[in-house]
Q: 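Quick one: the structure is below, and I'll ask about it shortly.
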Amino acid sequence: MLQLKNKDLFDFRGYTVIIPSICVGNAAQLACDLLIASKEMERIGSLMHPGLIPVFGPSAYQHDPDERVASCEIYQSKTDKLIVIQFRTPLISRHAQSLHSYLAQLVQQAERVVVLGASFGFEKREIGTSPYEYCVSENFRESHKTELDNVKWMEFKGDVVFGGGNGLQLFHILKDKKIPVMLLFRYVLEGDNSTDAKLIIKELNDLCSSFLQLKLEGEKMKLIVPISWKLLFGNDVTSLIF
Amino acid sequence: MGCPMGFGELNIPSSRAFWDDCDEDEPVLKDKEIKKLQLLYEPNETQTPPPTKIFLLIEGTNISEFVEALLLKNAQRICKISSSKSSLSYVKEQGLLIASLYEDLTNSGEVTELLLPYAKEAEMVITLTVKSKIEYQSENLQNVRDDITFLRGINSQLVHVEELEPPNFVVGVAPGIACWRHNENLAASAYVAYTDNVSLDTLAAKPIIKLLQDLGISCNDTYKPVYRETSHLYM
């Protein structure tokens, strides 16, 4: 169930939609957190679905303190024609297909969709190449041929993105619905993945400036860490167990 | 990191994408039939939401006895919710609808949807989630260290209940209903009781009882859990 702040203004036409997969290190979700906080994106709605564990709490972003977190939040940047769909919970597997189909329907009119993801670092087979791999739908490839010819990323040819979570599933569903879609993932290792998140966003900005415009203050990108990243690894456990 | 658990066995770790430990690398079964959860109504009970001044949802791992003893003496059960540990009851004299919810995150999305018709009609929704103190994240833990139970609110009506601060949040059916109400601009307050004893004893329950009374909900002044012999060695 979609809950929109303003039903009349809901239109993805001409927009780039970024969807993080729930993957190793939560790297893609962290990247989206950075994007939303840094661009001070506006919350336009949230999504409820049986495939999502409901969540409620104080705002994750300091630029929007009156908002409340939900399991799936939708953000918009009108100036950049950018939508970010952020997830805060893992999925319930028996409803994942239904959720992905719903998302596909939601973004049907979008100009393009970028699914961000990650894969286990120890699955990378070629040393010395870019830590990013991608796959694209044919219609995405046609409309971004020049950009894709110039990227340093490797094109992913496999069937499984180990540790990629629901990213590849979602990619295939969007591709089947003829939505121009790219899956972009980075090889990461579990740990403090906030650095991976920053690198993912920087990579998107550096190499895809026609997709996203994250340049602030003359070519330098200023990243803002959201308030929800406080205590990222929890409390000092010793203080509560005694 | 994946490590061999035994000779020849490869243990590929999961990516955390799926709550219920699904093997994400398996091909998706497209025609999988999903059995929907249902509300199991008592005989002669109507499915139409009753007139509700307050819809109170209390959720935790072991709170059914507490809710039963404190709030459900004069209540009429409407239905069971998916499992026999969760139920919906109504106190007609107070216009009070009470959901006693056993924490089951796997089904929480579905159960939230089942309760939406009731949430839609209520004048006010109040949710209470009982959680272990260890789940509370703060840079000032020393302030709550000595409290057996302390409270936090999200859109709290009560001045003396502090707002829950980031990065904390609550999950489950009760927060889901509160979230839905908030997004619909309908009146809702969510509370979290962080406690040393999630099953709630007399002391742990005290702040919760005071909270409910401050919110205008009529209930007993104290809670005394039923003593159960837990020894398996002697009768």
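Order of the sequence lines fixes the chain letters, A, B, ..., with proteins taken first and strands second; residue numbering starts at 1 for each chain.
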Q: Count the heavy-atom pairs under 4.5 Å between each of A:S21, A:A118, A:G57 and chain B, then report the option with the highest count.
A: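 Greatest number of close heavy-atom pairs with chain B: A:G57.
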Q: Do you know which two heavy atoms are closest between B:E165 and A:P58, and how far apart they sit?
A: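 In terms of heavy atoms, the two residues are closest at C-CG, 3.7 Å.
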Q: Looking only at non-hydrogen atoms, find the nearest pair between A:I53 and B:S108 and report the distance.
A: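 In terms of heavy atoms, the two residues are closest at CG2-OG, 3.6 Å.
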Q: Would you indicate whether B:E162, at its atom CD, is surrounded by more than 12 heavy atoms from other residues, nucleotides or ligands within a distance under 6.0 Å?
A: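 For B:E162, atom CD is not crowded (no more than 12 foreign heavy atoms under 6.0 Å).
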Q: Got B:P175 and A:P54 here, is their nearest side-chain heavy-atom distance under 4.5 Å?
A: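 In short, these two side chains do not touch, never coming nearer than 4.5 Å.
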Q: Give me the atom names and distance for the closest heavy-atom approach of A:I92 to B:L105.
A: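 Looks like CD1-O, 4.1 Å.
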Q: Tell me, side chain or backbone of A:A70 under 4.5 Å from chain B's heavy atoms, or both, or neither?
A: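 The answer is both parts of A:A70.
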Q: Would you mind checking which part of B:E139 comes under 4.5 Å of any heavy atom in chain A, side chain (CB onward), backbone (N, CA, C, O), both or neither?
A: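 Contact with chain A: backbone and side chain both.
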Q: Given heavy-atom pairs under 4.5 angstrom as the criterion, report whether the side chain, backbone, both or neither of A:S119 touches chain B.
A: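 No part of it gets close to chain B.
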Q: Please name the pair of heavy atoms, one in A:A96 and one in B:F18, separated by the smallest distance, quoted to 0.1 Å.
A: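 The answer is CB-CE2, 3.7 Å.
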Q: Got a sec: does the CG of B:N140 have more than 12 other heavy atoms crowding it under 6.0 Å?
A: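 More than 12 within 6.0 Å, yes.
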Q: Can you tell me how far the CD atom of A:Q3 sits from the NE2 atom of B:H182, to the nearest 0.5 Å?
A: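 Rounded to the nearest 0.5 Å, the CD-NE2 separation comes to 9.5 Å.
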Q: Nearest 0.5 Å, please: how far is NZ in A:K230 from OG in B:S138?
A: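 Here the rounded value is 7.0 Å.
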Q: Could you state the interatomic distance from CG (B:N183) to CZ (A:R43), rounded to the nearest 0.5 Å?
A: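 Here the interatomic distance stands at 6.0 Å.
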Q: Among B:V192, B:I154, B:L116, which residue has the highest count of heavy-atom pairs closer than 4.5 Å to chain A?
A: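 Looking at each option in turn, the highest pair count goes to B:I154.
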Q: Please check if atom NZ in B:K120 has more than 12 non-hydrogen atoms from other residues, nucleotides or ligands closer than 6.0 Å.
A: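 No, because the 6.0 Å sphere around NZ of B:K120 holds 12 heavy atoms or fewer from other groups.
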Q: Tell me yes or no: between the side chains of A:H49 and B:E113, is some donor less than 3.5 Å from an acceptor?
A: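 Checked: A:H49/B:E113 side chains show no N/O donor-acceptor pair below 3.5 Å.
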Q: Evaluate whether atom CD of A:Q62 has more than 12 neighbouring non-hydrogen atoms of other residues, nucleotides or ligands under 6.0 angstrom away.
A: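 Yes, because the 6.0 Å sphere around CD of A:Q62 holds more than 12 heavy atoms from other groups.
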Q: If you count heavy-atom pairs under 4.5 Å with chain A, which of B:G176, B:P167, B:A190 comes out on top?
A: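 Most heavy-atom pairs within the cutoff with chain A belong to B:P167.
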Q: Search all heavy atoms of A:M48 against all heavy atoms of B:T112 and return the closest pair with its distance.
A: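 The answer is CE-CG2, 3.4 Å.
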Q: Before you tell me yes or no, could you show the steps for B:E110 and A:H95 under side-chain contact (heavy atoms from CB on, under 4.5 Å), namely the whole-Å CA-CA distance, both residues' side-chain angles and the distance that decides it to 0.1 Å?
A: CA-CA 10 Å; B:E110 273 191 78; A:H95 296 292; 2.9 Å; yes
Q: Against A:F56, only a single residue in B:T129, B:N155, B:I177, B:T127 fulfils side-chain contact (heavy atoms from CB on, under 4.5 Å); can you say which?
A: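 Looking at B:T129, B:N155, B:I177, B:T127, the match for A:F56 under the side-chain contact (heavy atoms from CB on, under 4.5 Å) is B:N155.
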Q: Do the non-hydrogen side-chain atoms of A:R68 and B:F169 ever get within less than 4.5 Å of each other?
A: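 Result no, sub-4.5 Å side-chain heavy-atom pair not found.
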Q: Heavy atoms only, distances under 4.5 angstrom: which of B:L37, B:N185, B:V173, B:V171 has the most pairs with chain A? Name it, please.
A: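 Counting heavy-atom pairs under 4.5 Å, the top option is B:V171.
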